Undergrad: 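Below is a structure I'd like to ask you about.
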Amino acid sequence: MGLRKRKGKGGESPKQPEASKKKKKRISGVPRDLVNDVRYGRSLSLEFFRQNAWLLMLFVVAIIALMGLRYKTKTKMEEIKVLTEELQRAQSSKLQEKASYMSLIREAEMKKLVDEKNLGLQFQEYPPFELEVERQ
């Protein structure tokens, strides 16, 4: 797997300009040796995993816990949204019932006063009509 160097005449390696050496040693800012080590699996050996097993397990547990927390947060946010809509509907219903109750109280008070004074007035079932007269 090792790379062989080409030798020119007389057993010497061919000389390359400095600029081309820098381009070959780095791939987008990362040294080529590091890229090759990662590519061929030489940088992370079995020994590395044995020595850092507890750290890797801690990392995996932390990631799983964060995923669970995110799921729990999303479900709670959905529940809050549903409950907020239900609260708005209940408040609207409360206002309607309060208005209806207040009108009944007023009506009952007015009937009581009319009966006490013997005025002979009655509550109208329908609102008054407006009549429009056409003028010619």
Side-chain angles (χ1 to χ4, degrees):
M1 284 195 194
L3 299 175
R4 295 183 185 177
K5 293 184 178 179
R6 295 179 68 186
K7 295 185 177 182
K9 294 181 181 179
E12 296 178 13
S13 63
K15 294 184 179 180
Q16 297 176 355
E18 289 295 321
S20 64
K21 283 185 182 179
K22 286 183 182 177
K23 286 183 182 176
K24 288 188 178 183
K25 283 188 178 180
R26 291 188 174 269
I27 298 175
S28 68
V30 179
R32 177 172 265 183
D33 294 338
L34 180 63
V35 172
N36 284 336
D37 286 348
V38 171
R39 183 176 171 197
Y40 294 114
R42 290 182 286 214
S43 63
L44 299 175
S45 64
L46 185 59
E47 189 62 31
F48 171 79
F49 288 107
R50 283 185 186 152
Q51 289 175 351
N52 298 309
W54 64 273
L55 184 63
L56 292 171
M57 291 301 288
L58 183 67
F59 182 71
V60 168
V61 168
I63 294 295
I64 291 172
L66 287 174
M67 289 170 59
L69 183 63
R70 183 174 180 208
Y71 174 75
K72 187 176 179 180
T73 303
K74 280 190 170 190
T75 56
K76 292 292 182 183
M77 290 300 288
E78 287 295 322
E79 184 178 352
I80 288 170
K81 185 178 176 183
V82 167
L83 290 174
T84 302
E85 290 173 359
E86 186 178 334
L87 177 63
Q88 287 175 348
R89 279 188 248 115
Q91 286 176 340
S92 174
S93 175
K94 180 188 88 165
L95 286 175
Q96 288 174 351
E97 290 297 322
K98 183 178 178 182
S100 174
Y101 175 72
M102 292 304 284
S103 71
L104 288 176
I105 288 176
R106 287 187 200 118
E107 182 182 334
E109 288 293 322
M110 294 303 277
K111 281 184 180 179
K112 183 178 170 185
L113 284 173
V114 166
D115 290 341
E116 285 177 3
K117 304 288 181 184
N118 292 327
L119 296 176
L121 299 175
Q122 294 179 353
F123 178 72
Q124 284 184 327
E125 295 293 323
Y126 302 104
F129 295 100
E130 286 186 27
L131 298 176
E132 293 181 17
V133 179
E134 291 184 24
R135 295 184 183 196
Q136 294 178 345

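Worth saying up front: this structure is predicted, and the values here are computed from it rather than measured. Residues: numbered from 1 along the sequence shown.
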Undergrad: Distance from Met77 atom CE to Thr84 atom OG1, nearest 0.5 Å?
TA: 9.0 Å
Undergrad: To the nearest 0.5 Å, how far apart are NZ in Lys81 and CG in Leu83?
TA: 12.5 Å
Undergrad: For the backbone of Gln96 and the side chain of Ser100, can you confirm whether one donor and one acceptor N or O come within less than 3.5 Å of each other?
TA: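 No.
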Undergrad: Which side-chain N or O atoms in residues 85-95 pair as donor and acceptor under 3.5 Å with protein atoms at least two apart or in another chain?
TA:
none

Undergrad: If I take atom CZ from residue Arg50 and atom CG from residue Leu56, how far apart are they, to the nearest 0.5 angstrom?
TA: 13.5 Å
Undergrad: Does Tyr71 share a hydrophobic cluster with Ile63, counting links as ILVMFWY side-chain heavy atoms below 4.5 Å and allowing steps through other members?
TA: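 Result: no, two separate clusters.
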Undergrad: Quick check: do Lys76 and Glu79 have side-chain heavy atoms less than 4.5 Å from each other?
TA: yes
Undergrad: In Å and rounded to the nearest 0.5 Å, what is the CD to CD distance from Glu134 to Glu132?
TA: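 Here the interatomic distance stands at 8.5 Å.
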Undergrad: From Leu58 CG over to Asn52 CG, what is the distance, rounded to the nearest 0.5 angstrom?
TA: 11.5 Å
Undergrad: Kindly give the cluster partners of Ile64, where membership spreads through any ILVMFWY side chain lying under 4.5 Å from a current member.
TA: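 So far as hydrophobic clustering goes, Ile64 is joined with Val60.
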